[in-house]
Amino acid sequence: MTETGAPQVVADGSAAAAAGSDVRCRFAPSPTGYLHVGNARTALFSWLLARRNGGTFVLRVEDTDRARSTDEAIEILIHSLRWLGIDWDEGPEVGGPFGPYRQTEGLDHFREVTDRFLEAGTAYRCYCTPEELEDRRRAALKRGETPGYDGRCRTLGDKERAAFEAEGRSFAVRFAMPGNDIAVHDLIRGETTFPAADLKDFVIMRSNGVPTYLLAAAVDDVRMKMTHVIRGEDLMPSTPRQLEIMKALGAPPPAYAHLPLIVGPNRQPLSKRFGAVAVEHFRETGFLPEALVNYLALLGWSFDEKTTFLDRAQLIGAFDVSHVSRNPAVFDLQKLEWMNGHYIRESDDERLAGLAGEFLSAAGIDADPQLVLRAMPIVKERIHTLAELPGMLRFLFEDVTPDEKAAAMLAGDHVATLRAALSALEPLPDWTADAIHQALGGLKESLGLSSKQAFQPVRAAVTGTLVSPPLYESMELLGRERSLSRIRAAVDAAG
RNA sequence: GCCCCCAUCGUCUAGCGGCCGAGGAUUUCGCCCUUUCAAGGCGGCGACACGGGUUCGAAUCCCGUUGGGGGCACCA
């Protein structure tokens with residue numbers, strides 16, 4: 001295992017000489033929870049590469065860790081991907097010629113491959129128990145050595161094997177690494193060589209007959225004829241091992257591209273502590289899928305030196321995996337919010353009003369959909385997420401109790417202003433924003449008040465707050481009776 | 001401990017030897033617009049981690065240092 005041959009370039013992207021509609025990419029998540037934004041970006045880039053080439057995009061569920069994988073997680077995964085608008089040509093719910101697309105549904109195949117490797121001598125049975133391995137691992141670490149399997153079961157004789165079997169020991173199957181350095185070619189990073197000494201024999205088949213990720217992903221990538229594998233940087237060290245598996249399979253490897261990780265503001269991996277990591281969470285907190293997609297696309301990739309907004313079609317037309325950045329990107333929630341605000345303003349009112357319902361009722365507001373729709377033009381340009389809608393629209397559907405600042409204003413000496421407003425507003429023949437504007441504008445003149453002095457008390461009375469959508473339009477939406485009675489109530493309260 | 005990756009404004013990035021006294025976006029600050037808040041317009045602050053090379057010339061190439069990150073499982 002220590003002899004070091006000349007580095008061999010095993011994956012030079014030859015299988016990926018495939019172009020155009022021959023391109024096959026996949027997203028292969030483990031269903032262990034929600035769809036993390038980092039994985040969402042991986043899915044997006046892979047999808048973009050497939051769509052860019054008119055190729056095929058595959059969704060494959062890697063659930064070989066049976067303890068952590070759940071059906072519910074698969075549903076969330078599918079839901080989140082669909083919400084983002086990332087569709088797949090082969091995979092769960094759509095089928096395809098290379099099924100099953102859920103690894104635990106095709107375990108026999110992995111077992112057959114393992115048996116073949118065993119026969120060919122590229123794999124062997126290892127009788128070491130997890131406990132023994134853990135002890136040795138810790139001891140190696142303590143001695144300052146590189147932990148990793150020492151290969152002791154590789155040379156077991158028939159007698160020793162029989163002895164272990166007689167002992168009742170179960171075995172796992174390990175892949176026998178060739179003992180030479182292995183070079184990996186990456187579309188984003190170029191060539192990297194992994195020293196033979198660090199490429200220890202690894203388990204491909206657990207004692208319970210379920211393959212490990214290292215085997216399952218490699219075998220399926222070959223079986224499903226993948227031409228490009230885009231995945232997270234954390235998987236880079238597994239590439240030389242999977243390259244060897246593919247070599248043993250006699251299959252040309254796909255081209256690899258390892259994406260830099262997405263980290264939190266503290267440069268640590270994005271965690272729940274940061275707040276927002278699940279795609280589902282972004283949906284629930286009022287983000288639009290096109291905003292998240294646009295933002296994610298720009299995390300590690302850029303079109304040129306000035307383009308910021310790219311819709312789906314533009315992304316597909318422009319995406320180039322070789323221009324992806326190599327350094328980890330900090331997830332900037334503020335920028336996402338800004339971008340979301342942009343997409344909200346771009347959206348048509350009908351769609352937004354439809355989306356608003358969920359947020360309004362979550363806030364306990366029983367809203368009239370028609371009124372929400374009519375209000376949309378004046379509110380959509382002042383929010384960054386849909387979650388801000390209830391706060392902005394509440395006064396239209398519920399009686400207001402002035403907040404602290406509004407109450408303070410109403411308690412001040414503004415009764416005269418409110419009275420004047422009342423008498424200017426009451427005789428209005430048409431209750432329109434324009435008419436209200438005229439009336440209040442005239443009052444401002446006659447009383448010699450500044451705009452602020454004239455309008456803020458009215459705003460406080462009508463909306464219960466000092467910050468609201470534009471006053472005239474708000475009053476038009478609220479309607480004559482409710483607007484006037486709120487002003488009257490304020491006058492009465494002030495004595 | 002060992003292996004691998006990475007390093008441009010606070011953040012996302014453009015830059016692939018001279019066009020860079022470093023461009024865009026976001027954040028922040030100021031001004032304009034303005035009925036509040038937004039949106040929009042204009043402007044300001046703000047970066048090539050450090051040290052050696054190579055070269056006529058380096059943010060761009062090489063080496064080292066430092067600093068981040070990833071990996072070293074019968075997890076993926």
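We name chains A, B, ... by the order of the sequence lines, and we start the count at 1 in each one. Only a predicted model underlies this, so the values are computations on that prediction, with no experimental measurement involved.
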Taking atom P in both B/rG21 and B/rC48, compute the distance separating them and give it to the nearest angstrom. 14 Å
Salt-bridge criterion met for A/E134 and A/R138 (N-O under 4.0 Å): yes
A/R189 CZ to B/rA7 C1', in whole Å, measures 13 Å
Paired to B/rC45 by Watson-Crick or G-U wobble criteria (both distances under 3.5 Å) is none
In terms of side-chain heavy atoms, does A/D220 have a donor or acceptor partner in A/Y101 at a distance below 3.5 Å? no
By the Watson-Crick or G-U definition, both distances under 3.5 Å, B/rG64 is matched with B/rC50
Without hydrogens or angle criteria, can the side chains of A/S46 and A/H228 be said to hold a donor-acceptor pair below 3.5 Å? no
Whole angstrom is fine here: how far is it from CZ in A/F194 over to P in B/rG70? 16 Å
Strictly under 4.0 angstrom, non-hydrogen atoms only: write out the protein contact profile of nucleotides 32-39 of chain B, one letter per nucleotide from the 5' end, B, S or -. ---BBBBS
When rounded to whole Å, the CE to C1' distance for the pair A/M205 and B/rC74 reads 11 Å
Can the ring centres of A/H185 and A/Y256 be said to be less than 6.0 Å apart? no
Within the 4.0 Å heavy-atom criterion, would you say A/I204 contacts the bases, only the backbone, or no part of the nucleic acid? nothing
On RNA chain B, more 5' by nearest nucleotide between A/P29 and A/I188 is A/I188
Indicate, with a heavy-atom threshold strictly under 4.0 Å, whether A/C126 touches base, sugar-phosphate, or nothing. nothing
Sugar-phosphate only, base, or nothing, as touched by A/R68 at under 4.0 Å among non-hydrogen atoms: base
Nearest to side-chain heavy atoms of A/R326, which nucleotide of B/rG71, B/rA7, B/rC4: B/rA7
Taking CE from A/M177 and P from B/rC3, how many angstroms apart are they, rounded to a whole number? 17 Å
Please report the distance separating the C1' of B/rG43 from the corresponding atom of B/rU54, rounded so that it comes out in whole Å. 42 Å
With A/F194 via ring-ring contact (aromatic ring centres under 6.0 Å, His included) - residues at least two apart: none
Using 4.0 Å as the upper bound for N to carboxylate O, is an ion pair formed by A/D150 and A/R152? yes
Same-atom distance (C1') from B/rG18 to B/rA76, integer angstrom: 48 Å
Ignoring backbone atoms, establish whether A/T308 has a side-chain N or O less than 4.0 Å from OP1 or OP2 of B/rU26. no
Report all side-chain donor-acceptor pairs from residues 407-418 of chain A shorter than 3.5 Å, counting only partners two or more places apart or in another chain.
none

Is it true that A/E388 and A/K380 make a salt bridge, defined as a side-chain N closer than 4.0 Å to a carboxylate O? no
Assign a letter to each nucleotide of nucleotides 45-51 of chain B from its 5' end: B, base within under 4.0 Å of a protein heavy atom; S, sugar-phosphate only; -, no contact. -------
Measuring only the P atom in each nucleotide, how far is B/rA49 from B/rU8? A whole number of Å is fine. 6 Å
Give me each pair satisfying side chain to side chain donor-acceptor pair (under 3.5 Å) with a member in residues 294-304 of chain A, each pair once, sequence neighbours excluded. A/N294-A/Y343, A/D304-A/T307
Please give the distance between the C1' atoms of B/rC33 and B/rC37 as a whole number of Å. 14 Å
Could you check whether any side-chain heavy atom of A/T70 comes within less than 4.5 Å of a side-chain heavy atom of A/I74, counting everything from C-beta outward? no
If you check every side-chain atom of A/M236, which of B/rC4, B/rA76, B/rA73 has the closest atom? B/rC4
P spacing across the pair B/rC16 / B/rC62, given as an integer number of angstrom: 16 Å
P atoms of B/rG52 and B/rC12, separation to the nearest Å: 28 Å
Any base atoms under 4.0 Å from A/T463, or only sugar-phosphate, or nothing? Heavy atoms, all strands. nothing
Let me know the distance between NZ of A/K200 and C1' of B/rA73, rounded to the nearest Å. 13 Å
Round to the nearest Å and state the distance from A/Y149 atom OH to B/rC2 atom P. 25 Å
Donor-acceptor pair (no angle test) under 3.5 Å: A/S207 side chain, B/rC74 base: yes
Select base, sugar-phosphate, or nothing to describe what A/P195 touches, counting heavy atoms under 4.0 Å on all strands. sugar-phosphate
What string of B, S and - do you get for nucleotides 8-15 of chain B 5' to 3' if you count protein non-hydrogen atoms under 4.0 Å? S-BBBSS-
Please determine, by modelled atom types, if A/R351 and A/S347 share a side-chain donor-acceptor pair under 3.5 angstrom. yes
Interatomic distance, A/L310 CG vs B/rA25 P [rounded to whole Å]: 15 Å
Indicate whether the side chain of A/N340 and that of A/T385 have a donor and an acceptor atom separated by less than 3.5 Å. no
Sort out the partner of B/rG1 for me: Watson-Crick or G-U wobble, both distances under 3.5 Å, none otherwise. B/rC72
Do A/D320 and A/S322 have side-chain N/O donor and acceptor atoms under 3.5 Å apart? yes
Pairwise C1' distance, B/rG69 and B/rG51 [rounded to whole Å]: 23 Å
Hey, does A/Q268 reach any base, or is it just sugar-phosphate, or nothing, if we go heavy atoms under 4.0 Å? sugar-phosphate
Under 6.0 Å between ring centres: does that hold for A/F202 and A/Y149? no
Nearest-angstrom distance from the residue atom CG of A/L259 to P of B/rC5: 17 Å
